[in-house]
Amino acid sequence: TDLAHIRNFSIVAHIDHGKSTLADRLIQQTNTVAERDMKEQMLDSMDIERERGITIKAQTVRINYTALNGEEYVLNLIDTPGHVDFAYEVSRSMRAVEGSLLVVDSTQGVEAQTLANVYTAIDANHEIIPVLNKIDLPATDCERVAEQIEDVIGIDASNAIRVSAKTGQGIIETLEAIITHLPPPKGDASAPLKAMLVDSWYDAYLGVIVLVRIMDGVLKKGDRVRMMQNGSVHQVERIGVFRPAMTVVDQLGPGEIGFITASIKQVRDTKVGDTITHDKAPCAAPLPGFKPSVPVVFCGLFPVDSAEFEDLRDAIEKLALNDASFSSEMETSAALGFGFRCGFLGLLHLEVIRDRIEREYDIELITTAPSVIYNVFMKDGTLLPLHNPADMPDLSTVDHVEEPRIKATILVPDEYLGDVLKLCQDRRGIQQDLTYAGSRAMVVYDLPLNEVVFDFYDRLKSVTKGYASFDYHMTGYRTDNLVKMSILVNDEPVDALSMMVHRDRAEMRGRAMVEKLKDLIPRHMFKIPIQAAIGGKVIARETLSAMRKDVTAKCYGGDATRKKKLLEKQKAGKKKMRQFGKVDIPQEAFISALKMD
Ligand code: GDP
Ligand code: MG
């Protein structure tokens, strides 16, 4: 196809504003899929993603559209992952297209996530077409929402297209706007091959599938291509486009988006944002902006039933096949036995993986408290990246500790603003900005990531009854007074319960933790001290008193079967415990004790 008849675009929207429904309508309107094959949400493939309304892998569809001017166009839609954890992946997808539809629910208005993604689109020099969706609903208020788009985002929304992705109203107008308002891609077919690796995933039949956008040159079947980041060379076996089913084509030229397969064994060997070129006649320089994706949040995953350890290993290996940003290594915990220390791009990523292990592989998990990576500067001048609080070296050898910080943007109706400010303040936040757009406040906070990975999002939703939206990105590291708090049960440290805390909050957290544990650990025949300590210093303490008498005593020794039953019951109860020194700690204690409310 000649460049003038190609348009590449993505859709930017907050969750539930109608991105997937609109994509469905565009596909349907252009007869891209036969009516009988049409199912809801063509582009969202995985079940969990569908339920949660999030997309993790970029999905694309190539649409042929005969415009009202009678000419044939090829439209490529890349559906980007919609969540903050995947900000880098989103930025690459945006670089692969020239424009965006900015979809805003006309009954709701602009949300924090819309903002973050639209700024990414602006960064990628996109032409942006505002689309006001859900105009079929009585609560629609296009004037107000258009005004809000102009106020908050600063783009002209006077010609915003009014759409109902549900009824199909405004779909032709949307397609025409794509043709007339978005620029065609640029590129030189005779230049050396330069293609962006937009995304990749593992397919059980075809192996690794790589989504590419050709910038310059032509890519053909049989070509030997080089991934410029790691220098690996592969022979292209298959080349095609998504309609949305995979359809083989002969070649891809400048401006086109499609897939290749090339006997690549692991998704890990393909890096999002990498440049693909011909091995023999490479392009001069790779595309700018490549960043390796590194995990930022870590936690331990242990099977509740230790017999399921091998199953867990299997599940983690399978999931890692398709997810290069998820890392894992084996971990042994004195309290929890064998498990894995896993790294994720963010909390949502963690939740998605954990859910999939529990649901698809049917393994019940204990998740230890999520932790960020601290930079521990030792007195001898070395830097230790700390992924697990249990590995924190002795305080006397540590010079100082840095923690990652984020810039958080929260949009919230006025009446909940006070609660949001309090929450951010409680989490050691520093307010940076507070502005209004109508009756909604937009607050910007500098926060420690550590305080956010815990349960910040849940708390935010609950104090605002779900009306706040939230987005963040990492800004860098800063030194603070951070220490490891250990928990000792019966004078023995329980590694899975140790955590990094700010020194000023250590007493409060320590007290909350030992009080909780006192309720969660059953009484034993002896007294059990439960302590929180920093270094050698105890900062909070509770004592679980001893059981007064043998529970079987009340059976008077007479009723043997009753006594036996009681002992059996105790034994069954024990199975759900972890023996720690002489003390049995129930599984749920590990999860409950770490939750702060
Ligand atoms: P996404 O999270 O942005 O992909 O949003 P979806 O496309 O999944 O839509 C979220 C919800 O809004 C679904 O229940 C849709 O059926 C509904 N929806 C989407 N567009 C419209 C519309 O134009 N009108 C109405 N009434 N509902 C819509
Ligand atoms: Mg969706």
Side-chain angles (χ1 to χ4, degrees), residues 9-30 32-33 38-61 63 77-87 89-90 93-94 97 100-118 120-121 128-146 149 153 157 160-175 177 244 348-349 351-352 355 411 457 461 466-471:
F9 68 103
S10 67
I11 305 180
V12 169
H14 187 73
I15 280 178
D16 283 345
H17 282 203
K19 180 164 84 163
S20 305
T21 312
L22 179 64
D24 283 355
R25 248 356 113 243
L26 296 175
I27 290 169
Q28 200 177 34
Q29 184 70 45
T30 53
T32 301
V33 175
M38 191 75 197
K39 49 182 193 278
E40 293 268 292
Q41 313 241 321
M42 291 298 298
L43 292 179
D44 285 356
S45 53
M46 276 191 270
D47 277 353
I48 291 176
E49 292 176 23
R50 214 182 278 210
E51 272 171 39
R52 293 169 162 244
I54 51 157
T55 307
I56 288 174
K57 292 282 157 191
Q59 313 255 359
T60 74
V61 58
I63 297 168
L77 162 61
I78 296 194
D79 187 21
T80 58
H83 192 276
V84 306
D85 289 359
F86 309 102
E89 285 72 8
V90 173
S93 301
M94 296 274 192
V97 298
S100 289
L101 301 181
L102 166 63
V103 176
V104 182
D105 183 336
S106 66
T107 69
Q108 302 286 329
V110 173
E111 298 290 347
Q113 242 185 353
T114 322
L115 278 180
N117 284 334
V118 86
T120 311
I128 293 166
I129 302 172
V131 173
L132 304 173
N133 190 31
K134 307 200 186 181
I135 57 163
D136 59 292
L137 293 174
T140 180
D141 189 348
C142 290
E143 253 86 82
R144 180 183 70 82
V145 173
I149 292 175
I153 303 174
I161 308 170
R162 300 178 178 203
V163 168
S164 168
K166 188 178 175 188
T167 66
Q169 196 181 340
I171 297 301
I172 297 283
E173 289 83 342
T174 305
L175 288 162
L348 176 99
H349 189 209
E351 276 176 37
V352 168
D355 277 14
L411 274 159
Y457 198 33
K461 277 196 286 199
Y467 283 111
S469 59
F470 165 69
D471 194 83

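Order of listing sets the numbers, starting from 1, for every ligand and every atom in it.
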(request) Before accepting this row, confirm whether a basic side-chain N of the pair Glu173/Arg25 lies closer than 4.0 Å to the acidic partner's carboxylate O. (result) no
(request) Within a distance under 4.0 Å of any heavy atom of His14, pick out the atoms of ligand 1 and give their elements. (result) 3 (O)
(message) Can you name the atoms of ligand 1, numbered from 1 with element, that are less than 4.0 Å from a heavy atom of Ile15?
(response) 2 (O)
(message) Heavy atom to atom 17 (C) of ligand 1, shortest distance: which of Lys166, Gln169, Lys134 holds it?
(response) Lys134
(request) Among Lys134, Lys19, Lys166, Arg144, find the one that has a salt bridge (charged side-chain N to carboxylate O under 4.0 Å, His left out) with Asp105. (result) Lys134
(message) If you measure every N or O of Gly18 against every N or O of ligand 1, does any of those distances drop under 3.5 Å?
(response) yes
(message) Any heavy-atom pair between the side chains of Asp24 and Leu26 that's under 4.5 Å?
(response) no
(request) Have a look at ligand 1 and work out which part of Lys19, if any, has a heavy atom under 4.0 Å from it: side chain, backbone, both or neither. (result) both
(request) Sort out for me which residue in Thr114, Asp471, Leu411 forms a side chain to side chain contact (heavy atoms under 4.5 Å, CB included) with His14. (result) Thr114
(message) Within ligand 1, which atoms have a heavy atom of Leu137 less than 4.0 Å away?
(response) 26 (N)
(message) Can you confirm, on distance only, whether ligand 1 has an N/O atom lying under 3.5 Å from any N/O atom belonging to Ala165?
(response) yes
(request) Tell me yes or no: between the side chains of Gln169 and Ser164, is some donor less than 3.5 Å from an acceptor? (result) no
(request) Indicate, as side chain, backbone, both or neither, the part of Asp136 found under 4.0 angstrom from ligand 1 when only non-hydrogen atoms are considered. (result) side chain
(message) I'd like to check Asn133 versus Val104 (side-chain heavy atoms, cut-off strictly below 4.5 Å). Are they in contact?
(response) no
